[in-house]
Amino acid sequence: MNILILSGSPKRPGEGLCQSLIQAVQHGVREAGGQPSVLSFSGLPRCRVCGEGWGTCLETQACAFGADGFDSGHQAVKQADALVLVTPVYFGEMSESLKAFTDRLRRCEFSRQEATRGKQALLVASAGGSGNGIVSCLNQMERFCQHTGIKVYDMVGVNRWNSEYKRAALLAAARGLVSALGKSAP
Ligand SMILES: Cc1cc2nc3c(=O)[nH]c(=O)nc-3n(C[C@H](O)[C@H](O)[C@H](O)COP(=O)(O)O)c2cc1C
């Protein structure tokens, strides 16, 4: 099973809370026999809001500016068996880089949901500062899933005080996600 982790972290592997959660997810996926891969989106331009609100995305399910790095991410989502969204909480929301990708993906997938419909996703919000904003961030990610036909497998909120047991929970969640996919395969 190909599990695609969409990362909102601007940091490198091994640095910080959010990356430690990504690592836990990767371990859990591997333990269950899946193949994890990680995509991050630092530097990806946000949606330009073409035309009068919709651009090519509504009719052709493709972004007119997709060559800027968006298309390869869209393709990776198409090929994934399930998704994991992991982001640091910024101002109670996803990081701007993950938001840039999911905003553009939502537009391309909204009408037909060919790459996303029915796929399961594990949603992870890591609030490493005050700990505020987990609920609003998860809510934003859930809305993205609703607009794209993605089924939420679980939502996990992590802060600096609960990260130890939440890392263990994430490992188990990732394992469970892969196992559940194996059971529903034809
Ligand atoms: C612009 C910005 C906004 C942030 N907003 C929040 C927030 O609303 N709630 C919170 O608990 N932490 C907030 N943080 C802290 C981050 O969630 C996170 O802990 C920090 O970026 C370090 O993440 P890391 O340990 O994964 O590298 C914010 C950080 C940045 C850079």
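Atoms within each ligand, like the ligands themselves, are counted from 1 in listed order.
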- Subset of ligand 1 atoms that lie under 4.0 Å from at least one heavy atom of L17: 24 (P), 25 (O), 26 (O)
- Item | Protein residue, atom and distance nearest to atom 15 (C) of ligand 1, heavy-atom basis | G129 N, 3.7 Å
- Task: Examine G128 against ligand 1 and note whether any of their N/O atoms are separated by less than 3.5 Å.
- Result: yes
- Task: Look at atom 31 (C) of ligand 1 and say which protein heavy atom is nearest, naming residue and atom and giving the distance to 0.1 Å.
- Result: Y90 CE2, 3.7 Å
- Starting from atom 5 (N) of ligand 1, find the nearest protein heavy-atom neighbour and note its residue, name and distance. F91 N, 2.9 Å
- Task: On the 0 to 90° scale, with breaks at 30° and 60°, tag the H147-F110 ring pair as parallel, tilted or perpendicular.
- Result: perpendicular
- Item | N132 contact mode with ligand 1 (heavy-atom cut-off under 4.0 Å) | backbone
- Message: Is it the case that over 12 heavy atoms from other parts of the model lie below 6.0 angstrom from the CD atom of Q79?
- Response: yes
- Task: Measure the distances from the heavy atoms of S9 to every atom of ligand 1 and state whether one is below 4.0 angstrom.
- Result: no
- Query: So, T148 and Q113: side-chain donor and acceptor under 3.5 Å apart, yes or no?
  - Reply: no
- Item | Pair S95, S97: side-chain N/O donor-acceptor within cut-off below 3.5 Å | yes
- Item | Protein heavy-atom partner closest to atom 11 (O) of ligand 1 - residue, atom, separation in Å | G131 N, 2.7 Å
- Kindly confirm or rule out an N or O of C18 lying under 3.5 angstrom from an N or O of ligand 1. yes
- Counting distance only, does the side-chain N/O of K99 pair as donor-acceptor with the main-chain N or O of G8 below 3.5 Å? no
- Query: Checking T56 side chain against A62 main chain: does a donor-acceptor pair fall under 3.5 Å?
  - Reply: yes
- Task: Among all protein heavy atoms, pick out the one at the shortest distance from atom 16 (C) of ligand 1; state its residue, atom name and that distance to 0.1 Å.
- Result: V89 O, 3.4 Å
- Using a distance threshold of 4.0 Å (strictly less than), state whether atom 13 (C) of ligand 1 has a protein heavy-atom neighbour. yes
- Query: Can a donor-acceptor pair be found between the side chains of S136 and E93 at a distance below 3.5 Å?
  - Reply: no
- Quick one: are the ring centres of F70 and F101 less than 6.0 Å apart? yes
- Query: For atom 23 (O) of ligand 1, which protein heavy atom lies nearest, and how many Å away is it?
  - Reply: K11 NZ, 4.4 Å
- Message: Side chain or backbone, does S130 bring an N or O within less than 3.5 Å of an N or O on ligand 1?
- Response: yes
- Query: Out of curiosity, is G133 lining ligand 1, as in a heavy atom under 4.0 Å away?
  - Reply: no
- Short side-chain to backbone donor-acceptor contact, D103 and A100, under 3.5 Å: no
